[in-house]
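Comments concern the structure below.
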Amino acid sequence: MAVEWLWLIPALPLLAAGVLTLLPTTAGRAASFVATGSMFLSFVFSGLAWLTTLDQGEFSRTTFDFVWFKTGTAALKIGWVLDPLTAVMLLTVSLVGSLIFLFSVGYLAREERRVTFFAHLSFFAAAMLGLVIANNLLLLFVCWELVGLASWLLIGFWFRKPEAAAAARKAFVVTHIGDMGFFVGMIWLASVAGTLQFFDAGAGCLEETVVHSLGAATILGGLALSTVITLLVLWGAMGKSGQVPLHVWLPDAMEGPTPVSALIHAAAMVAAGVYLLARLFPLLDAVPDSGSLVAVTWVGSLTAFFAALVALGQTDLKRILAWSTISQLGYMMLGLGTGGPAVAMFHLVTHAFFKALLFLGAGSVIQACGHEQDIRRLGGLRRRMPFTFGVYAIGMLALAGFPFLSGFWSKEAIFHSAQVWEVSRIPFVLAVAGALLTAVYMTRQMVYVFFGEHRNSSFQKSFSERAVVTAVPLAALACGAITLGFLGTQAFPLFQEYLEGETAVLAWGDLIGWGSLGLIALSTLLSVGGMALAWGIYRPSQFDPARQQDPLNRWFPRIFRWLENQFFLDEWYRQTVVRGTCLAGRGAEVLDRLIWGPVVRLCAALVQTVAWCSRLADEQLVNRGFDRVCRAVRQGAAWCSERQNGRVQTYIKYVGASLALVVWVLILIDRS
């Protein structure tokens with residue numbers, strides 16, 4: 001597929017969104033067909049675009065730019081870029097998105113506002129795909145904001161539910177706090193680089209000349225200009241990708257329909273932040289030991305550990321997965337900071353499949369159990385929902401890094417890059433601890449939901465978990481969760497070499513080397529050991545959630561309270577940021593009422609007084625004086641006109657009188 005036609009990939013779901021807005025609310029089946037069909041076509045075109053990047057192992061990048069508009073002599077160009085990074089992201093978003101769309105057809109079959117839902121979902125997918133193909137930071141930012149708008153619409157889809165409306169507002173506000181940093185960084189980059197084009201025949205902001213100049217320029221404190229700009233962009237990525245401390249919106253986003261949660265957490269929105277940093281990696285790496293990469297590494301490692309810790313204390317099925325997403329996004333950031341885009345994108349792709357699988361599996365459980373999401377009220381579903389249990393177990397094992405599923409290989413690559421990071425070993429330790437906790441909390445969730453006695457009285461025996469529109473996406477995602485990891489093993493790193501534009505070579509020695517074997521053993525120990533530990537704590541033979549407290553709550557009540565309440569960060573924000581903003585608003589209102597209001601009214605009175613005086617001077621002095629002068633001129637003209645009556649006798653009298661007067665004056669002069 002030629003790069004000139006790359007715009008068709010986001011245009012198809014965008015066109016579908018436009019068409020769906022014109023359909024009546026009763027056209028639910030047609031709406032689902034149009035939306036799902038457009039996404040599958042986008043996937044087909046994404047596959048064709050990916051094929052064009054396969055140039056016998058050679059690095060391939062093509063761009064298509066055009067002038068958007070002109071202001072004077074300046075012209076703003078935008079366009080598309082097609083390279084391995086774009087192709088991989090397009091395939092991931094379109095394929096996972098298509099499967100989620102297909103699942104939504106069955107999941108929301110009885111939803112009255114299906115047409116609106118699919119319109120919003122298509123708009124969301126279009127914005128994300130547009131973000132991926134952009135060859136201009138401004139175009140990327142426009143799509144970035146459209147993704148935020150679409151997420152607000154989808155998270156608050158059930159807007160009559162107060163929690164959903166509040167979650168949508170929270171997501172919109174918190175992500176835009178991060179977007180302000182992105183916006184300032186973009187404006188700064190445009191002012192110093194003179195362009196926002198990524199690749200432009202050597203003059204783009206990600207090409208060597210501009211990157212070198214930005215890395216060489218410094219500001220106060222000796223920081224490289226590229227470092228400051230990318231730190232601002234990082235703040236925006238932290239908001240979209242739910243990194244600490246801008247993560248608080250992501251768990252609340254679970255108030256939206258489950259397919260929305262799957263799309264946000266798996267292939268869209270939260271992945272946008274990681275993709276943005278991967279795209280801007282030349283700027284992040286513009287100087288040795290870049291402060292930007294150090295910041296990315298620390299933010300990622302702290303987020304990975306913190307979110308895994310909080311997930312231990314959650315009891316909502318979807319919120320556990322949400323905290324898991326935050327943790328895995330932290331791993332992606334850690335991989336980006338220590339190993340580069342290939343490491344981060346490998347985990348992004350594998351995570352997209354097994355996290356979509358987990359969310360859609362959770363959707364089946366929630367729908368079958370009367371929309372119950374509290375894991376303490378579930379249980380025993382292994383026998384009642386065997387297919388869902390099987391695919392969910394695959395997703396859980398992949399997330400926990402079980403050998404040799406996809407999550408095992410992608411997480412092992414992150415461990416490898418973090419282990420050799422020269423700045424500090426602490427991020428590696430945090431990553432290891434987070435991996436152990438991941439195995440524990442996911443096993444805990446599995447035991448609560450699928451093992452033990454059934455505790456849900458709302459289970460719908462008529463629920464069919466093998467319907468084609470729901471079973472096929474789950475099966476396809478499960479296959480991806482099993483097999484995708486083999487594209488990036490140490491022995492044959494096909495994925496990494498493809499992204500870096502090199503040819504992959506089979507090298508078993510890299511896999512069986514002491515360092516690699518040690519990390520493989522460590523990953524295996526963390527996964528299997530964590531699951532064994534959790535099974536020992538929560539196994540049904542000794543723990544009954546219907547009658548007993550969570551063992552961690554019994555053993556460590558104070559710590560568990562902190563975990564259960566997410567370390568009270570929401571409360572802290574309410575008492576500091578929110579309360580401070582409200583106090584500032586009330587203070588501004590008081591200042592406006594007591595100071596600025598009277599000052600403005602005084603100024604208005606002064607201006608009115610000046611205006612009144614000006615009016616008085618104009619009407620009483622200028623106008624009256626002018627009128628009198630005009631009247632005198634008019635009277636003089638009238639007198640003169642009376643003297644010029646056309647009679648010769650009168651004129652002779654005037655001449656005679658004038659001569660007499662002149663003679664009299666001459667006589668007086670002569671006498672003097």
Side-chain angles (χ1 to χ4, degrees), residues 71 138 141-142 144-149 151-153 155-156 159 162-192 219-221 223 225 227-240 242-253 255 295 299 565-623:
T71 55
L138 178 59
F141 182 77
V142 170
W144 179 277
E145 291 301 309
L146 292 177
V147 167
L149 172 62
S151 68
W152 174 72
L153 292 170
I155 294 170
F159 58 88
E163 295 83 0
R169 288 195 302 269
K170 186 176 183 179
F172 193 81
V173 170
V174 174
T175 55
H176 277 75
I177 292 173
D179 291 351
M180 285 303 299
F182 183 5
F183 182 73
V184 172
M186 180 181 67
I187 298 300
W188 200 341
L189 177 62
S191 66
V192 296
I219 61 173
L220 293 177
L223 282 174
L225 190 55
T227 300
V228 178
I229 292 173
T230 49
L231 283 174
L232 288 169
V233 176
L234 170 62
W235 184 248
M238 289 168 61
K240 272 289 191 292
Q243 300 296 284
V244 174
L246 299 180
H247 66 283
V248 291
W249 68 271
L250 200 49
D252 289 356
E255 295 295 339
V299 167
N565 291 279
Q566 306 163 26
F567 283 86
F568 298 98
L569 275 178
D570 281 303
E571 288 75 10
W572 186 81
Y573 278 137
R574 277 193 288 269
Q575 294 299 319
T576 54
V577 178
V578 177
R579 190 175 182 182
T581 303
C582 293
L583 288 175
R586 284 195 288 269
E589 189 273 332
V590 171
L591 287 174
D592 182 66
R593 180 163 43 86
L594 299 181
I595 298 178
W596 302 122
V599 168
V600 169
R601 288 192 291 272
L602 177 61
C603 291
L606 290 174
V607 171
Q608 288 177 340
T609 302
V610 171
W612 182 83
C613 293
S614 176
R615 176 186 173 189
L616 181 65
D618 181 62
E619 293 180 352
Q620 301 300 322
L621 297 178
V622 177
N623 288 355

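All figures in this text were calculated on a predicted structure; none of them were measured in a lab.
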Distance-minimising heavy-atom pair for [X] and [Y]:
{"X": "His247", "Y": "Leu569", "answer": "CE1-CD1, 3.4 Å"}
{"X": "Ala295", "Y": "Leu234", "answer": "CB-CD2, 3.8 Å"}
{"X": "Lys240", "Y": "Trp144", "answer": "CG-CZ2, 3.0 Å"}
{"X": "Phe172", "Y": "Leu149", "answer": "CE1-CA, 4.5 Å"}
{"X": "Asp252", "Y": "Ala167", "answer": "O-CB, 3.1 Å"}

So does [Y] get a backbone contact from the side chain of [X], meaning a donor-acceptor N/O pair under 3.5 Å?
{"X": "Thr175", "Y": "Ala171", "result": "yes"}
{"X": "Trp235", "Y": "Thr230", "result": "no"}
{"X": "Thr227", "Y": "Leu223", "result": "no"}

side-chain contact (heavy atoms from CB on, under 4.5 Å) between Val244 and Val299, worked out
CA-CA 7 Å; Val244 174; Val299 167; 6.0 Å; no
Applying ring pair (Phe, Tyr, Trp, His ring centres under 6.0 Å), name anything that partners Tyr573, two or more places apart in sequence or on another chain.
none
With rounding to the nearest 0.5 Å, note down the distance linking [atom1] in [X] to [atom2] in [Y].
{"X": "His176", "Y": "Asp179", "atom1": "NE2", "atom2": "CG", "value": "5.0 Å"}
{"X": "Thr609", "Y": "Leu616", "atom1": "OG1", "atom2": "CG", "value": "12.0 Å"}
{"X": "Gln243", "Y": "Leu250", "atom1": "CD", "atom2": "CG", "value": "9.5 Å"}
{"X": "Asp618", "Y": "Asn623", "atom1": "CG", "atom2": "CG", "value": "4.5 Å"}

Given side-chain contact (heavy atoms from CB on, under 4.5 Å), test Met186 with Val233 step by step and report yes or no.
CA-CA 8 Å; Met186 180 181 67; Val233 176; over 6 Å; no
Hey, are the side chains of Val184 and Ile229 touching, using non-hydrogen atoms and a 4.5 Å cut-off?
no
Relative to each other, are the rings of Phe141 and Phe182 parallel, tilted or perpendicular (30° and 60° limits)?
perpendicular
Residue pair Val228, Trp188: steps toward the side-chain contact (heavy atoms from CB on, under 4.5 Å) verdict
CA-CA 10 Å; Val228 178; Trp188 200 341; 3.4 Å; yes
Inspect the contact between Lys170 and Asp570 and indicate whether a charged nitrogen and a carboxylate oxygen are less than 4.0 angstrom apart.
yes
Going by the salt bridge (Lys or Arg N to Asp or Glu O under 4.0 Å) test, which pairs reach into residues 591-612, not counting sequence neighbours?
Glu589-Arg593
